Amino acid sequence: MKIGFDNKKYVKMQIQEIKKRFKSFDKLYLEIGGKLFDDSHASRVLPGFKSDAKIMMLSELKDDLEIIFCINANDIEKNKVRAEHGITYDIEVMRLIDNLRNLGFLINSVVITLYNHQPSVDTFIKKLERFEIKTYIHKATKGYPSDVDIIVSEEGYGANPYIETTRKLVLVNAPGPGSGKLATCLSQLYHEEKRGVHAGYAKFETFPVWNLPLKHPVNMAYEAATADLNDKNMIDSFHLEKYNEISINYNRDLEQFPLLKSILYKIYGKDIYFSPTDMGVNCVGNCIKDESVVDNAAKKEIVRRYYQEMTNYKLGAVDIDVPERIKSLMNELNINEDIIKSRKRVIDKSNKENGIPVVGLEINNKVITGKESDLLSAPSALIINVIKTLSKIPDNIELLSPSILKPILELKKDKGPLSLQEILIALPICSVTNPMVGDALKQLDKLKDCDAHSSHIITNGELKSLKNLGIRLTCEPKFKSSNIYKN
């Protein structure tokens, strides 16, 4: 993979910027948007960006910080799912706590926002408390959003319990958007000011990148990633008016800023920030080292998002306007679906094979394909063909032993082709008696960050297996069968 982003420089600059910001206050509440772990979007659009870059950076600040997690009570009640992991928001919070504790980070507490005595939320609170995790309940803020005098009073933020913190830097994170991070920070600023503590607020979001052009592919890729939220990148008009400098933000932050500025003025008695850009500490835009590599990667990501939302539309998860927004971005950049190089080859092969599912993967400037058969699903056939090609095993050599496959086939309930999950179990077993299989399996690590395309929507299980291999899959929004239940 060609590198377009300097991760080492980024981590160093980001640490310096955060330290600079929290030196201005007795205590800094830093709202962190996006993912602390596994920031796969950033690593896709900025080749060279490490998916754990935030953790690398925060590890250097570990002794000065503690972490508060926020979660919206309504998201718990609705069992809202974090799509990339397939787990609910409440489970995601617990996963993050475990991961961070294991790395030596201090977890302060979990704040339940918009609490209204939801039964499932009470169960979640009890579970956290039994694991000795402090929880705080925040109900809807009285007066919000129209009456700043009530919001910043004992009836508003003052009605929330004060969260006891001990360190200079307090990170406020959440499993997803709309979790109440900002409201929690502002509530704490109110309480700190009442206690004579000069506490500050800052925001750390990777995208959109404030010092890249509005129509830069990286910023447009962010729009594509949030097309379901209808986010729009915009020039920060407040920043332009104050400093005569163009910077980029997005519609929700710009819409909320007048209210936020009024709240901060009410707390401090003076203006702290004059624009949404002022609040940010992000240094990503300063660490791009190869513009052409980053441009191409971001354009590919936009097309991936288009296919993802077209699939979601086919599955009934979104309306057609969501993928259409992304298609408009593609048109602005003058790109189409064929930026995924395996696409045309896959579609042509499927059409020649009477519509049989085919998956193709691009590696080493060539496309390798696999088609569905009575024995193997298309993803299974692809992976076997790829590892055989990379390890230079002749086509006529079989990697799967019939004696190993027989009991697996007998146990299959649906009697259909072997899925990728089943193949990835069978191959290591076959390697015990066939060293050639073991050598072929060593090639799997080379598939990370490779693009692949499927002629049909594949099952969730096989999609997860491909993701676990690090493969970036797009699918034609087309079902394998007209049978509703099977799809």
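No experiment lies behind these values; they were computed from the predicted model shown.
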With K327 as the cation and Y306 as the aromatic partner, state whether NZ or CZ is under 6.0 Å from the six-membered ring centre and within 45° of the axis. yes
Please say whether the positively charged group of K54, taken as NZ for Lys or CZ for Arg, lies over the ring of F204, i.e. under 6.0 angstrom from the six-membered ring centre and within 45 degrees of the axis.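 Yes; both conditions hold, so K54 lies above the ring face of F204.
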Without swapping roles, check the side chain of [X] against the backbone of [Y] for a donor-acceptor pair under 3.5 Å.
{"X": "D290", "Y": "F5", "value": "no"}
{"X": "W210", "Y": "N249", "value": "no"}
{"X": "K168", "Y": "F25", "value": "yes"}
{"X": "N219", "Y": "K215", "value": "no"}
{"X": "D271", "Y": "Y273", "value": "no"}
{"X": "E309", "Y": "I326", "value": "no"}
{"X": "R325", "Y": "A227", "value": "yes"}
{"X": "E223", "Y": "L329", "value": "no"}
{"X": "E17", "Y": "V281", "value": "no"}

To the closest 0.5 Å, what do you measure between [atom1] ([X]) and [atom2] ([Y])?
{"X": "Y89", "Y": "S179", "atom1": "OH", "atom2": "OG", "result": "6.0 Å"}
{"X": "K9", "Y": "C287", "atom1": "NZ", "atom2": "SG", "result": "5.5 Å"}
{"X": "K478", "Y": "T311", "atom1": "NZ", "atom2": "OG1", "result": "13.0 Å"}

Neighbour count >12 (heavy atoms, 6.0 Å) for atom OH, Y265: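 No, the 6.0 Å shell around OH holds no more than 12 heavy atoms from other groups.
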Charged N to carboxylate O below 4.0 Å: is that the case for [X] and [Y]?
{"X": "K126", "Y": "D122", "value": "no"}
{"X": "R167", "Y": "E66", "value": "no"}
{"X": "K80", "Y": "D90", "value": "no"}
{"X": "E476", "Y": "R343", "value": "yes"}

For the aromatic rings, using the six-membered ring if either is Trp, is the centroid distance between Y201 and Y29 under 6.0 Å?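 Centroid distance Y201-Y29: not below 6.0 Å, so no.
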With a 6.0 Å cut-off on the ring centroids, do F238 and F274 count as close?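 Judged by ring-centre distance (under 6.0 Å), F238 and F274 do not meet the cut-off.
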Compare every heavy atom of P379 with every heavy atom of L420, then report the nearest pair and how far apart it is.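 Heavy atoms only, the tightest pair is CD1-O, 4.1 Å.
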Which heavy atom in N7 sits nearest to a heavy atom in G48, and how many Å separate them?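 Shortest heavy-atom separation between N7 and G48 comes out as CB-O, 3.3 Å.
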Do H41 and Y222 pass the ring pair (Phe, Tyr, Trp, His ring centres under 6.0 Å) test, and can you show the C-alpha distance, the side-chain angles, and the key distance before you say yes or no? CA-CA 9 Å; H41 176 82; Y222 169 76; 7.4 Å; no
Going through the distances and angles, do H117 and Y115 end up as a ring pair (Phe, Tyr, Trp, His ring centres under 6.0 Å)? CA-CA 6 Å; H117 303 283; Y115 175 76; 5.1 Å; yes
Give the C-alpha distance, both sets of side-chain angles, the deciding distance and a yes or no for side chain to side chain contact (heavy atoms under 4.5 Å, CB included) between R95 and I87. CA-CA 10 Å; R95 184 185 79 93; I87 58 178; 4.0 Å; yes
Do the ring planes of H198 and Y268 sit parallel (below 30°), tilted (30 to 60°) or perpendicular (above 60°)?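 Aromatic pair H198/Y268 classed perpendicular.
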Test log, rule side chain to side chain contact (heavy atoms under 4.5 Å, CB included), inputs V111 and I71: CA-CA 6 Å; V111 180; I71 182 168; over 6 Å; no
